[in-house]
Amino acid sequence: MLGLLNTAVLLSQATTPRSRVELDPEGYRVANVTGDYLSRWKERALTAEAERDALEEAHADLLTEIADLESIVAHLTAERDATGSGAI
């Protein structure tokens, strides 16, 4: 009898229409069924992608600068060794 009652309650809850609401990371309560939810997440994803691209470009620039500096150091070290001087 208790199992039948439990099943009836679960069935009642499952068939009751209700909107699903989630709390997103920025604290806005947004319904899953609206396009607004998806557009906000898409906007955040595009922003994050643009930030990632900018960071990758800055990283590439820094790697180029490091290679240039290493080349300068190697050249100066070779010059120093060629002249026999201990100071650069």
Side-chain angles (χ1 to χ4, degrees):
M1 183 68 168
L2 186 58
L4 184 60
L5 184 59
N6 190 25
T7 303
V9 169
L10 289 175
L11 182 61
S12 171
Q13 290 174 349
T15 58
T16 304
R18 57 190 147 114
S19 65
R20 292 180 11 206
V21 176
E22 290 185 6
L23 189 62
D24 69 13
E26 293 185 8
Y28 301 110
R29 290 179 65 81
V30 183
N32 276 335
V33 294
T34 66
D36 190 39
Y37 178 83
L38 295 176
S39 67
R40 287 184 186 193
W41 278 104
K42 184 177 181 179
E43 181 182 331
R44 288 188 196 118
L46 292 173
T47 301
E49 187 176 311
E51 288 174 0
R52 186 202 63 208
D53 290 344
L55 288 172
E56 285 177 350
E57 186 177 327
H59 181 257
D61 290 344
L62 287 173
L63 288 176
T64 301
E65 288 181 21
I66 288 170
D68 291 344
L69 289 172
E70 286 174 343
S71 170
I72 291 169
V73 168
H75 176 73
L76 291 173
T77 302
E79 240 181 60
R80 181 196 65 195
D81 292 344
T83 61
S85 171
I88 295 179

How many angstroms lie between CD1 in I66 and CG in D61, if you round to the nearest 0.5 Å? 11.0 Å
Hey, what do you get for OG1 (T77) to CD1 (I72), rounding to the nearest 0.5 Å? 11.5 Å
Salt bridge (Lys or Arg N to Asp or Glu O under 4.0 Å) partners for E56, two or more places apart: R52
Applying side-chain hydrogen bond (donor to acceptor under 3.5 Å, both in side chains), can you list everything that pairs with H59, at least two apart in sequence or on another chain? none
